[in-house]
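As a basis for the values below, the full set of heavy atoms in this structure was taken, side chains included, without hydrogen atoms, waters or symmetry mates. Protein chains get the first letters and strands the later ones, always in sequence-line order, with residue 1 at the start of each.
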Amino acid sequence: MALRTEELTFSLGPQHPSTHGVFRAMVTIDGERVVHVDPVIGYLHRGTEKIAEWKTYPQIIPYTDRMDYLSAMLNNYCHVGAVEKLLGLEIPEHAEYIRIIVMELNRIASHLVWWGTFLLDLGAMSPFLYAFKDRQVILDLLEEISGARLTYSYMRIGGVKRDATQEWLRRVDDFMDEMVKNIQGYNNLVTGNEIFQSRVKNVGVYDEAFAKRWGLSGACLRCTGNSYDVRKSDPYSLYPKFDFEIPTRTSGDVWARYIIRIEEMLQSIRIVKQAIRNLPDGPFMGKAPRNIRPPKGEVYFHIESPRGDMGCYIVSDGSDHPYRWHWRAPEFANLAAFPAITEGVNIADMIAILGAIDIVLGGVDR
Amino acid sequence: MDDEQHTNEHDESSDTKREEKPSERPPAGEAVGDAQAPAGAPHPESAPTPEAAREASQQRSGRLPESSTSPTTPTSPPAKEGEKQPAAAGSARPAGGARPAPRGAAAPQVPTWIDLEELKRLLGEGVEAVENQWGTPVVTVQADQLLRIAEKLRDDERFRFDFLTTMTAVDWRSYLETVYLLQSYEYPTHHLTLKVSHLDSDNPRVPSVTGIWEAAGWPEREAYDLMGIYFEGHPDLRRLLLPEDWEGHPLRKAYDYID
Amino acid sequence: MFRWAKGYAYTGKRLFEKTVTIQYPQQKPKIPEGWRGRHYFYPDRCTACDACARVCPTEVITVVSHRDPETKKKILDDYTIEFERCILCGYCEEACPVDAIKMGDVYELASYAREQEFMTQEKMLPPGYSTDVVVHGQGEAYRGGDYRTKPEKKVNH
């Protein structure tokens with residue numbers, strides 16, 4: 001005899017810990033199965049694109065901090081890089097190396113938050129504490145060089161705000177060695193755990209064609225075997241000078257996304273160590289005009305953020321503020337595919353899938 | 001306090017605005033010219049093609065080549081130097097050659113992966129203009145040809161633009177414009193900007209490209225929400241970021257945001 | 001099979017680590033140099049050049065000044081920051097040619113009312129400065145409240 005079932009619609013969030021911020025999903029379930037998910041976003045919408053039309057190019061930098069607040073350095077760089085592309089500026093190598101160091105440190109910090117909170121979603125408490133302890137060391141380092149803990153505003157059009165001291169570089173280098181050991185510890189603690197593995201393997205599976213159709217990027221794309229990473233595929237900054245690999249997996253499930261992010265942290269450590277070893281002398285600020293007035297035109301500049309392909313589209317009208325300023329947030333595109341991935345999965349798996357997308361609502365809503 | 005250190009920083013920091021001598025502010029071309037970098041390509045896509053060399057030499061002489069690359073561009077009078085706000089009419093378009101080129105040979109000023117003339121020929125009818133913006137071809141198409149050209153760009157062996165990075169809209173005061181930023185997973189260094197321009201501000205309607213790139217779903221909803229553009233054929237055209245009962249479209253230039 | 005035991009071993013090892021937390025109200029965190037806290041303002045150094053007000057992204061700084069009829073130099077009348085809207089980006093500090101405004105080390109920013117977040121010169125005095133240096137200039141000073149009634153500034157729009 002078939003059981004008579006009834007669909008139930010409920011609201012997940014906007015204040016639920018597993019939604020990482022203020023994300024709300026209207027979920028329709030049939031028993032344990034998810035029938036349909038309708039994401040509701042916009043709770044953190046601050047109209048940054050509108051604000052940017054009224055600010056001069058340097059004044060936009062603090063606003064980019066507040067979009068994807070876990071990767072503020074990379075947001076800074078994306079905006080600054082777009083303006084530099086418009087102006088055709090050349091950045092001193094020393095400054096570019098420091099930028100890469102802080103960006104990769106920020107990438108590690110961002111992945112650590114993801115690692116901790118993702119496992120918190122799955123019900124593991126202590127990884128969160130370990131992750132935040134290590135992240136705190138990185139934040140202290142970045143705080144020291146930039147002056148703030150999260151909203152760095154460190155990049156400048158033409159260079160960076162302050163130079164890194166030798167002492168600071170030495171401490172970063174030491175911590176990177178420690179971090180390699182810590183990640184080994186994380187693997188012992190979580191990655192090898194059978195309960196965890198059975199929780200994430202073969203969950204939220206999609207193939208490469210699906211990922212391409214939905215315009216996914218970052219780990220959400222590389223879990224399907226595609227090795228698209230802007231640092232390698234469409235190189236910017238000095239990344240071609242560095243020796244690192246793009247971790248990929250082919251299984252397309254949450255497990256693959258997890259492993260890729262863990263390996264990305266190790267690759268970022270490699271980049272930071274190379275950058276510190278090869279750091280050339282030179283000025284930390286290049287020649288840039290005092291009044292940033294780019295020529296008329298439009299430019300799109302994209303970088304690899306911890307969450308994927310992040311881009312900044314600027315339409316300049318020749319004045320000191322942009323005519324139109326648009327932000328391509330990777331988590332926005334990745335989250336858009338969330339309803340399609342979760343169709344027919346269990347509720348608990350839906351949380352794992354959402355966690356593995358690695359959303360930051362400040363970036364989604366902008 | 002770290003007075004000395006700070007003073008040094010100040011001398012080198014560039015983004016500060018000084019109060020003295022406002023007349024010192026040079027027009028954009030000059031300002032950049034001062035800081036011009038020596039030749040040496042910072043961007044990897046600037047492969048030295050003969051095309052690039054020709055264009056670059058023309059830039060050194062002051063101007064971009066006459067719009068041989070975009071013969072069908074609606075010729076608009078070049079905007080005045082130092083004009084602050086774009087004028088209301090079509091002259092606000094960033095015409096690629098309206099201003100002296102900002103810098104010398106170092107910039108990757110032409111797309112290296114395709115010739116603009118060839119691109120125009122390959123896309124066929126419905127192409128209004130093809131121009132070059134910092135090495136990215138910007139193709140403006142007619143709204144009724146958008147779907148055909150988009151599909152061609154996605155499927156054609158020559159293009160393979162299967163990655164719609166984002167889609168947005170620009171309000172040029174007298175008309176609206178939708179912008180599709182395309183990329184290819186197969187050839188990641190290829191970029192192309194697709195545009196539908198001169199949309200009626202009061203009733204802007206564009207065919208939705210969700211059937212071609214599913215990634216367009218949310219960006220189109222965002223453009224509907226913030227710019228008020230109707231995407232015909234979109235499966236779920238609702239407001240995305242703002243509440244359902246919001247009035248107006250905030251990213252329009254005429255939007256009154258104070259009250 | 002016994003991979004979970006590795007996890008227990010790791011947790012056990014971390015159990016005996018040095019504590020990294022501090023007992024906050026009793027213990028104070030170490031503030032690195034160049035940190036961006038609440039401002040200190042040096043009225044004796046300020047030349048009323050308005051550079052900080054113009055570079056400020058949130059337009060919270062108000063410099064009131066007048067010109068000396070003889071020397072044609074600008075004289076500071078009042079200097080205020082609407083701190084509730086300040087985003088602590090540090091641009092004012094960088095823009096100042098005479099180091100009259102500095103980002104300080106004050107991080108306890110909570111207050112009981114919005115009005116208390118309005119920073120006058122007295123509230124921004126650096127440690128060791130007496131209130132004698134506070135400038136009481138002529139003219140109307142902006143005292144916060146509705147930002148639409150704020151005196152018009154020369155902002156490059």
**Item:** Selection from Leu335(A), Val364(A), Val40(A) maximising heavy-atom pairs under 4.5 Å formed with chain B
**Value:** Leu335(A)
Assess, by modelled atom type and distance only, whether the side chains of [X] and [Y] contain a donor and an acceptor separated by less than 3.5 Å.
| X | Y | value |
| --- | --- | --- |
| His302(A) | Thr165(B) | no |
| Asp234(A) | His190(B) | no |
| Tyr228(A) | Gln183(B) | yes |

In terms of heavy-atom proximity below 4.5 Å to chain A, should [X] be classed as side chain, backbone, both, or neither?
| X | value |
| --- | --- |
| Arg238(B) | side chain |
| Ala169(B) | backbone |
| Leu242(B) | side chain |
| Pro219(B) | both |
| Asp225(B) | neither |

Considering only heavy atoms from C-beta outward, does the side chain of [X] approach that of [Y] to under 4.5 Å?
| X | Y | result |
| --- | --- | --- |
| Thr166(B) | Phe332(A) | no |
| Arg324(A) | Trp172(B) | no |
| Ile212(B) | Arg213(A) | no |
| Glu53(A) | Leu251(B) | yes |
| His326(A) | Met167(B) | no |
| Lys195(B) | Glu298(A) | yes |

**Fill in**
When every non-hydrogen atom of Gly297(A) is compared with those of Trp134(B), the smallest separation belongs to CA-CZ3, 3.7 Å
**Prompt:** Looking only at heavy atoms, what is the nearest atom pair of Gly215(A) and Phe163(B), with distance?
**Reply:**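 Shortest heavy-atom separation between Gly215(A) and Phe163(B) comes out as O-CE1, 3.4 Å.
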**Request:** Please report the C-alpha distance between Gln133(B) and Lys296(A) in whole Å, then the side-chain angles of each, then the deciding distance to 0.1 Å, and finally whether the side chain to side chain contact (heavy atoms under 4.5 Å, CB included) criterion is met.
**Result:** CA-CA 10 Å; Gln133(B) 294 281 355; Lys296(A) 281 191 177 189; over 6 Å; no
**Asked** Contact part of Ala211(A) toward chain B, heavy-atom cut-off under 4.5 Å: side chain, backbone, both or neither?
**Response** backbone
**Donor-acceptor contact below 3.5 Å, side chain Tyr300(A) vs main chain Thr193(B)** = no
**Prompt:** Within the distance-only criterion (no hydrogens, no angle test), does the side chain of Lys253(B) pair as donor or acceptor with the backbone N or O of Tyr323(A) below 3.5 angstrom?
**Reply:** yes
**Asked** Is Glu214(B) paired with Lys212(A) through a side-chain N to carboxylate O contact shorter than 4.0 Å?
**Response** no
**Prompt:** Between OH of Tyr185(B) and CG of Asp309(A), what distance do you get to the nearest 0.5 Å?
**Reply:** 8.0 Å
**Asked** Stepwise, does the side chain to side chain contact (heavy atoms under 4.5 Å, CB included) test hold for Glu222(B) with His45(A)?
**Response** CA-CA 11 Å; Glu222(B) 191 190 325; His45(A) 178 60; over 6 Å; no
**Request:** Dump the intermediate steps for side chain to side chain contact (heavy atoms under 4.5 Å, CB included) on Leu241(B) and Arg46(A), then the final yes or no.
**Result:** CA-CA 10 Å; Leu241(B) 294 172; Arg46(A) 290 146 297 178; over 6 Å; no
